Amino acid sequence: MSTTAADLALKTDLFIDGQFVPSETGKRFATVNPATGETLAEVAEAGQADLDRAVAGARKAFESGPWAAMKPRQRGRILTRAAELLLSRADAFGRVETLDNGKPIFESAKIDMPAAAECLAYFGESADKLYGDTHPGRTDAFLMTIREPVGVVGAITPWNFPLLQAMWKIAPALALGNAVVLKPASVTPLTALMFGELLAEAGLPPGAFQVVPGPGPVVGKAMAEHPGIDKISFTGETETGKAILRAAAGTVKRVSMELGGKSPNIVFADADLDAAAKGAINAIFYGKGELCSAGSRLLVQESIHDALMEKVVERAKKMTPGDPLDPKTRLGALVSEKQRDTVAGYVAKGESEGARLVAGGKRAAVNGKGAFFEATVFDGVRPEMTIAREEIFGPVLATLTFQDENDAVSIGNSTIYGLAAAVWSRDVKKAIRAAKALKAGTVWINAYNLYDPGLPFGGYKESGFGRERGHYALEEYSQVKSIWVDLT
Ligand code: NDP
């Protein structure tokens, strides 16, 4: 089975000005298949000089030449063409994503890539639909606003949904005529490079999209400080986000941040328990729990605790880790050994603080290798325990109980994060009351982990600010200009 860059015909240099180019220092770094521990590719490592070159090319594309001159609808057509190409190559892109990240091929090829293509198509169709307005306040003047692109956008992205997360930034930014410099996560840089080539094939002019893999504290930090970058769009850990905010302050850059989460998944006694149990499993084990929006805290009303937990535990025990390339696998390898160590550390902490382990809890291997971890469920968790407070970013569910609606909302909100939440109930009024009271950017009712490119996504509190997707994303990548026309 092909598992090296050469077998997969991957390009592993930097993607700058429409071409693959080696880094100036010639340095390369390895990206590893976490399911086998084998090196998948040696990728060119960008440094300051490469970043400067990428930013200069992006600025040129933004300010002059074919990209700058293109009509919005033409830009849109390039994106919709790219969407079609990506969809037609979902299996190939999905395979590389799976080899690089460890996620099941079912997720990468059948869900993530089609979702990335849908996002591209959505913003392709939006390219000429960000309207300004007129203001009727004067008789002596005609007042209007127009929206213009911000310029060069620096996108810094994490490893859990490597191409999909990047697409939420790339698609709206390009739709509006910005140029994008993308720094993908170092453990999963491959599909971003493939996508650069695909965009060029779809007709994107050189410079409009650049990919500069390299270490976050070097390349990412330099992007945040770079005077040639007008906006940073970041997805990643809250602590990294804080460092980027500080680095971006020197040039007063626009910044938007999608950060961590510790999302409550609240099940009331009147819920459909089978649906809620299935939803709880999907909420925490989709994407191996390496999901910013993971429903990592299951909040169960006391009266149905035993009935629900029986169903949740039974389902969790069936979620056995498997070969990520097997289409039947639903729990793949964690992204790295390092991440597996982090997850194992949290499980040990959960046990030592007195939580009850009712499923999983151990490292696992498939064919004798890989960074796998069992689907893990803790019961009897209290709000002050570490596993109820900190983002684990792995397949570990912390179950807590509550007495009534107020109690549920208060425990749900007892976190520094506010990315997502869910409520399961047959009582529409109660569900909506709770949804409104929860301090989170997204609340699902009787569902979990469902997304649409038109519905915005982003955080409250330390889960960040700014929104991805929908017309809010178009606003993030544009700025308002007021025009006063004297009529006297
Ligand atoms: P990190 O914050 O470690 O890394 C994210 C990106 O930032 C990577 O490209 C990384 O580069 C880069 N980076 C690291 N240090 C710096 C720095 N000092 N300056 C600039 N860039 C830097 O997050 P992870 O990749 O570990 O992703 C997991 C985190 O992302 C979780 O906390 C999760 O909740 C969050 N996340 C949030 C989402 C949301 O929408 N809210 C969605 C997905 C994930 P390198 O890879 O080289 O270290």
Side-chain angles (χ1 to χ4, degrees), residues 27 29-32 43 45-47 51 100-101 103 112 115 119 154-169 181-190 192 211-226 229 232-249 253 255-263 286-296 334-336 338-340 342-343 346 390-394 415-420 440-442 449 451 456-469 473 476:
K27 271 202 213 166
F29 65 95
T31 176
V32 170
V43 177
E45 179 178 317
L51 177 64
D100 215 8
N101 167 283
K103 62 172 63 196
D112 294 6
C119 173
I156 304 176
T157 50
W159 44 255
N160 54 340
F161 287 78
L163 190 61
L164 182 56
Q165 282 289 340
M167 202 64 75
W168 290 1
K169 304 178 188 311
V181 179
L182 169 66
K183 192 212 90 61
S186 296
V187 284
T188 55
L190 297 175
V211 188
V212 285
V218 179
V219 184
K221 180 168 181 285
M223 285 169 74
E225 291 169 345
H226 208 293
I229 292 183
I232 291 287
S233 177
F234 171 71
T235 301
E237 281 178 21
T238 294
E239 286 312 310
T240 314
K242 290 177 186 173
I244 289 176
L245 277 175
R246 286 190 288 270
K253 263 185 197 47
V255 180
S256 51
M257 304 246 137
E258 301 292 344
L259 307 173
K262 191 74 192 176
S263 302
Y286 186 83
K288 312 162 267 165
E290 293 169 338
L291 203 74
C292 51
S293 59
S296 51
L334 302 195
V335 75
S336 63
K338 184 167 161 247
Q339 187 63 16
R340 182 163 77 158
T342 303
V343 170
Y346 275 113
E390 295 185 14
E391 185 181 44
I392 299 174
F393 227 57
T415 165
I416 59 165
Y417 298 112
L419 192 59
T442 294
N449 271 342
Y451 294 93
F457 183 75
Y460 278 30
K461 303 197 279 185
E462 291 195 26
S463 288
F465 52 87
R467 290 293 178 269
E468 310 216 77
R469 306 194 317 229
E476 294 286 341

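We count ligands from 1, going down the list as the structure has it; atoms in each ligand are counted the same way. Residues take their numbers from the sequence shown, with the count starting at 1. Small disclaimer: the values here were computed from a predicted structure and weren't measured.
- Near Ile156, with a cut-off below 4.0 Å to any heavy atom, the atoms of ligand 1 are 6 (C), 7 (O), 9 (O), 12 (C), 21 (N).
- Taking CD of Glu239 as the start and CG of Leu259 as the end, the distance is 9.5 Å to the nearest 0.5 Å.
- Side-chain contact check for Asn160 versus Val335: every heavy-atom pair is 4.5 Å or farther apart.
- Contact annotation: for Ile244 versus ligand 1, heavy atoms closer than 4.0 Å belong to the side chain alone.
- You'll find the side chain of Lys262 stays beyond 4.5 Å of the side chain of Leu419, heavy atoms only.
- Between Thr157 and ligand 1, at least one N/O pair is under 3.5 Å apart.
- Using a 4.0 Å cut-off between a side-chain N of Lys or Arg and a carboxylate O of Asp or Glu, Glu462 and Lys242 qualify as a salt bridge.
- Put simply, CG on Leu164 and OG1 on Thr157 are 11.0 Å apart, with the number rounded to the nearest 0.5 Å.
- Proximity of Val187 to ligand 1, defined as any heavy-atom pair under 4.0 Å, is not found for any part of the residue.
- In this structure, the protein non-hydrogen atom closest to atom 3 (O) of ligand 1 is Thr240 OG1, 3.8 Å.
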Intermediate values then yes/no, side-chain contact (heavy atoms from CB on, under 4.5 Å), Ser296 and Tyr417: CA-CA 12 Å; Ser296 51; Tyr417 298 112; over 6 Å; no
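- Between the side chains of Lys169 and Ser233, at least one donor N or O lies within less than 3.5 Å of an accepting N or O.
- Within the 4.0 Å heavy-atom criterion, neither part of Leu291 lies near ligand 1.
- The option from Pro184, Gly216, Pro158 that lies nearest to atom 19 (N) of ligand 1, judged by heavy atoms, is Gly216.
- Pro215 counts as a contact of ligand 1, since one of its heavy atoms falls under 4.0 Å from the ligand.
- The shortest N or O to N or O distance between Glu468 and ligand 1 is not below 3.5 Å.
- Between Ala294 and Ser263 the shortest heavy-atom distance is O-CB, 3.4 Å.
- Relative to atom 36 (N) of ligand 1, the option among Ser336, Ala224, Ser463, Cys292 with the closest non-hydrogen atom is Cys292.
- The proximity of Glu239 to ligand 1, defined as any non-hydrogen pair under 4.0 Å, does not occur for either the backbone or the side chain.
- For atom 45 (P) of ligand 1, the nearest non-hydrogen atom from the set Ala243, Ser293, Ser186 belongs to Ser186.
- Trp168 does not count as a contact of ligand 1, since none of its heavy atoms falls under 4.0 Å from the ligand.
- Contacts with ligand 1 closer than 4.0 Å are made by no heavy atom of Phe161, backbone or side chain.
- Aromatic pair Phe457/Trp168: ring centres closer than 6.0 Å.
- In this structure, Leu334 and Phe393 have side chains that are not in contact, with every pair of non-hydrogen atoms separated by 4.5 Å or more.
- Among Gly220, Gly441, Pro217, the residue whose heavy atom sits closest to atom 18 (N) of ligand 1 is Pro217.
- Contacts between Glu391 and ligand 1, counted as non-hydrogen atom pairs separated by less than 4.0 Å, involve the side chain only.
- Contacts between Thr235 and ligand 1 below 4.0 angstrom, taking non-hydrogen atoms only, involve backbone and side chain alike.
- At least one side-chain heavy atom of Lys103 sits less than 4.5 Å from a side-chain heavy atom of Asp112.
- Side-chain polar atoms of Thr31 and Asp100 form a donor-acceptor pair below 3.5 angstrom.
- Residue contacts with ligand 1 include Gly214, since one of its heavy atoms falls under 4.0 Å from the ligand.
- Within ligand 1, counting atoms from 1 as listed, the ones closer than 4.0 Å to a heavy atom of Phe457 are 40 (O).
- Within the 4.5 Å cutoff, side-chain heavy atoms of Asn101 are placed close to those of Trp159.
- Close N/O approach between Leu259 and ligand 1 is found [any backbone or side-chain N/O within under 3.5 Å].
- For ligand 1, the atoms lying closer than 4.0 Å to a non-hydrogen atom of Asn160 are 43 (C), 44 (C).
- Those atoms of ligand 1 that come under 4.0 Å of a heavy atom in Leu419, given as number and element, are 41 (N).
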